[in-house]
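Structure, as structure tokens:
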Amino acid sequence: MTTNKKESTETKDISFNPQAFEAKWQAKWEADKLYRAVIDESKPKHYALTMLPYPSGDLHIGHWYAMTPSDARARFMRMRGYNVMFPMGFDAFGLPAEGAAIKHNIHPKIWTYQNIERMEKQMRSMGAMFDWEREAISSDPEYYKWTQWFFIQLYKKGLAYRKKQAVDWCPKDNTTLAREQVKGENRVCDRCGTPVIKKELEQWFFKATKYADELLHFEGMDWPEYIKASQTNWIGRSEGASVIFKTEIGDSIEIFTTRPDTLWGATFMVMSPEHPLVDKITTPENAQIVSEYKAEAQKQTDIQREAKDKVKTGVFSGGYAINPVNQERIPIWVADYVLMSYGTGAIMAVPAHDQRDFEFARKFNLKVIPVIQPDGVTLNGDTMEHAYEHEGLMINSGAFNGTPATSDKGLKNPAINAVIKYLEEKEIGKHDVSYRYRDWLISRQRFWGAPIPMVHCEKHGWNPIPDDQLPVLLPDDITEWKPTGESPLKFHPTWKDSTCPICGEYAMRETDTMDTFMCSSWYHLRYLSPHNDKAPFDDAEYNYWMPVDTYTGGSEHANMHLLYFRFFHKALRDMGITEGNEPAIQLRNQGMVLSEDNSKMSKSKGNVVAPDVLVQKYGADTIRAYLMFFARWQQGAPWDSNGIEGTARWIRRVWTLFTDSASSTPTVDSAPSNSDSSLDDVKKNLRRRVHQTIKRVTHDFENFEFNTIISSLMELLNEMYKAREAGAVGTPEWNEATEIYIKMLAPVAPHIAEELWTNHLGKAYSIHQQMWPSVDESAAKDDSIEIPVQINGKVRDRIIVPADAGEEEIKSTALASETIQKYLEGKQPKKVIVAKGRLVSVVV
RNA sequence: GCCGAAGUGGCGGAAUAGGCAGACGCGCGCGACUCAAAAUCGCGUUCCUUCGGGAAUGAGGGUUCGAUUCCCUCCUUCGGCACCA
């Protein structure tokens, strides 16, 4: 490379050396505020948001994969005439900072801000159009002041509350977790993979379940199907009825059922061992076995208790309830297959029509009474071998006998519908919906998060910190970081001391901090006005930019961030802070870049691809292009370090074609006949390919099909090399092709595009302020086309016809073909089908 | 078990209002340039073949002149849920 430089000192440097201009353009764009997004009512707005990173230390290839194609699309939208905002920031609170504090005895703040500085620098090397003036960092006091303010608004609205219950606890991270942050069958911590345990603790919650039903609606949202499905599964709506059963001693037990039509078949009840009425219902004779069973249940983990293949266990309480529809006296059992965390913690058991209840009934010799009769078979409660869970007619159900029970759920099912009507008339039950979705537990027993802005007074209980005392700052003088299961803030000598906003007496601060997902639930709003100290954001900014038009990021957040983000928007809407029902219209998720051996990249395995090294070797543009090219973006693929050479070759060939002055003189030996007519054809063909490419690239950008954008540009480049060989250089068609090519290249490879445009073509700075090229439809159209001719479904020949040829013309040309005639062997075709412009199919 | 997405060369992947399967690139092979290598450039590259052709888009069936694309049954992989009443 040094030799190249020496050679080219007197003329323009034509060797490809991205290091020579990438940093230069990045600095100039920033100095010129080229990507500054300001309100401009004369243009349609486009809010392109990509998920902000945690400042973990170094940018990895996954960040590039998420961010640079998103940037390319934002740039494309900008060239299409949108006023685009593409902000960036840091989700800067979180556990790794505390891990570093423990390990290196460094304050999490110092560690975090050092990382931010390094990562900002690395991000700048991407050449993305981030508007850094809108940068927001969630651990800045000016940011978390408003995180706290939002907490208080939620509290005042009754959407934040404190409650003692059994909660998920990660023994490694030493903190509680939200239900969403516990993963999979093994119930492990989403962050560290450690199996969680249950702890009975008093914690702060957000009432997300209030929005359960609304969160199931995705109307007008262009979100991936699997994200919507995942959220729908997570919320887990079931429709049915709640019914009140009375015990013999007069207590009410409410149950939830999706099958009220089987009420007449309820032959016993089951309560969760944790149900508050268990002790009351248990008779003295049964007290011993029930308390032993409860103790046993408590010892087991959730995984043990909820294991699907587990043999059912349970004990009889000695108590009885009255089935409200037929006054039958039915025994109440206690069993751990009924969970306190779902429904009411008690069920009516219908063994004839529920497999779980059936297994239980058979084990303990309880009555089985069929109440749904399938077509053509008579069920016998004493001999049936499994529960019948399908459709049929109601039987043994008094006045309801004969009512059809279909496979429909809820009120759509005539049997369920009729019984619910009856329950409501009799006031023994009502139509009801149950969700598996839980309220969001936001307390974390950790230091590096936004302090929950509440104080507790002996006399006045919990109260929010007055707004004028916000933010509640984290102290700098903490020395002990060891996780104890309680926030390090609790052990600070003075931090927790405060006064009650009501009486002015001593009050103790809440020492827990907020789940960092709280910070990221509103960062898209802080980008609107990151330094506003009067409000979380300006209304004018909100009204112009929101909602987010395109949101990109990882799909691992399906049931976490993406659900919190929607909940938060709805809660804010109900407080009059935001407008509209959803924060983001369009969502797209990139896949994952795996390591070359197809495994997940991780520091511990040492298989991480470092973007910095690649940037040094190839330049940012090549990395950007390769990340767009090497896989379907929304799917991801294993990294291929050889593969990048192909993209690097393409970028170099782009550079060579547009900078090599020799390109204007065709080499004598390779140029074919230079007659005017053939040059005309070459020019026309070039122009056609250029305009066809605009069409394809535009379509693919709109649809996030980044890999085919690059292929199309590669093909067009190959075409241009051929046109150069044929002597097209210097013609108007060549010049047009050059301009359009660089414009289409600009979103993908912003530096080389600028260098070629401004320096080599001598066009007005900046390429990034140019409009996207428009398609000349007439130029894009083919004159003549080659279409295949099939005989009995097999391609036997290809014919060339004018593009606008009619059916008859195509047909006669096809049949006139010698090859086709040979295959026909003089026979008359039975049928000839002409698909205009596509194919001829001859049937013999 | 339920919900969702996806199965195409050695590899990443193209092509779906039904119409030339394998674009583009990697890898591989041959050639040019070179003392040599790298870089670069050119040609070839789904499989089988008796060189006429034949087979092939996870498997099997269906609709059709024609199916990677639509329908049915099944298999596999990935993601979510799961003793959820």
Side-chain angles (χ1 to χ4, degrees), chain A residues 183-185 224-238 240 255-259 262 266 269-270 272 305-312 335-339 341-350 353-357 359-360 434-437 555-556 558-559 589 591-592 596 626 629-632 634-647 649-650 652-653 656 670 696 705 707-718 721 786-798 829-844:
Chain A
K183 294 278 152 166
E185 250 179 303
E225 206 48 53
Y226 71 98
I227 297 283
K228 294 192 274 188
S230 180
Q231 294 196 347
T232 303
N233 281 338
W234 184 257
I235 292 166
R237 180 184 195 271
S238 354
I255 60 103
F256 174 78
T257 176
T258 54
R259 295 296 305 276
T262 63
M269 292 187 82
V270 186
S272 164
R305 267 182 72 163
E306 292 172 22
K308 212 198 162 180
D309 47 3
K310 194 186 143 188
V311 179
K312 294 209 167 18
D336 66 1
Y337 82 91
V338 174
L339 310 173
S341 56
Y342 183 77
T344 62
I347 62 158
M348 67 172 196
V350 183
H353 304 292
D354 182 290
Q355 186 59 24
R356 295 157 301 178
D357 299 344
E359 285 165 24
F360 195 81
S434 190
Y435 301 91
R436 65 174 297 286
Y437 193 40
S555 58
E556 66 275 15
N559 297 342
N589 303 107
M592 219 189 299
E596 297 202 50
Y626 183 56
F629 180 62
F630 91 111
R632 294 174 181 139
Q634 295 175 71
Q635 191 175 289
W639 180 256
D640 177 0
S641 51
N642 283 323
I644 194 170
E645 292 292 346
T647 311
R649 202 167 291 136
W650 167 61
R652 280 196 296 269
R653 275 164 56 83
T656 305
S670 59
R696 287 163 61 188
E705 287 160 10
N707 54 344
T708 44
I709 290 172
I710 309 298
S711 329
S712 298
L713 291 176
M714 284 174 169
E715 280 181 80
L716 182 57
L717 189 76
N718 292 343
Y721 265 93
E786 189 187 75
I787 56 176
V789 182
Q790 293 184 342
I791 294 178
N792 288 344
K794 286 195 184 2
V795 178
R796 297 302 186 187
D797 196 17
R798 288 158 213 281
K830 262 192 221 144
K831 209 172 172 187
V832 180
I833 295 140
V834 178
K836 241 182 112 182
R838 292 180 187 275
L839 162 144
V840 180
S841 181
V842 181
V843 189
V844 291

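Since the structure is predicted, the reported quantities are computational estimates derived from the model, not experimental observations. Throughout, a chain's letter reflects where its sequence line sits, starting with A, and its residues are numbered from 1.
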- Rounded to whole angstrom units, what separation is found between the CG atom of A/Leu839 and the P atom of B/G19? 10 Å

- B/G79 versus B/G25 - spacing of their C1' atoms, nearest Å: 29 Å

- Would you say the side chains of A/Asp357 and A/Tyr337 form a donor-acceptor pair under 3.5 Å? yes

- Check every atom of B/A23, B/G80, B/U40 against the side chain of A/Ser230 and return the nucleotide holding the closest atom. B/G80

- So which nucleotide does B/C81 pair with, by the Watson-Crick or G-U wobble rule with both distances under 3.5 Å? B/G1

- Note on the structure: CD1 of A/Ile347 to OH of A/Tyr342, rounded to nearest 0.5 Å, is 12.0 Å

- Query: For atom P, what is the distance between B/C78 and B/G60, given to the nearest Å?
  - Reply: 23 Å

- Expressed in whole Å, how much space separates the C1' atoms belonging to B/U46 and B/U63? 28 Å

- Message: With rounding to the closest Å, how many angstrom separate the C1' atoms on B/C41 and B/G22?
- Response: 25 Å

- Query: Under 3.5 Å, is there an N or O donor on one side and an acceptor on the other linking the side chain of A/Lys312 and the base of B/C83?
  - Reply: yes

- Rounded to the nearest 0.5 Å, how far apart are CZ of A/Arg259 and OG1 of A/Thr257? 8.0 Å

- Message: Checking base pairs now: Watson-Crick or wobble, both atom distances under 3.5 Å. What partners B/A14?
- Response: none

- Task: Mind checking A/Gly591 for me? I need base, sugar-phosphate or nothing, with any heavy atom below 4.0 Å counting as a touch.
- Result: nothing

- Task: Considering only atom C1', compute the distance from B/G58 to B/C75 and round it to an integer number of Å.
- Result: 7 Å

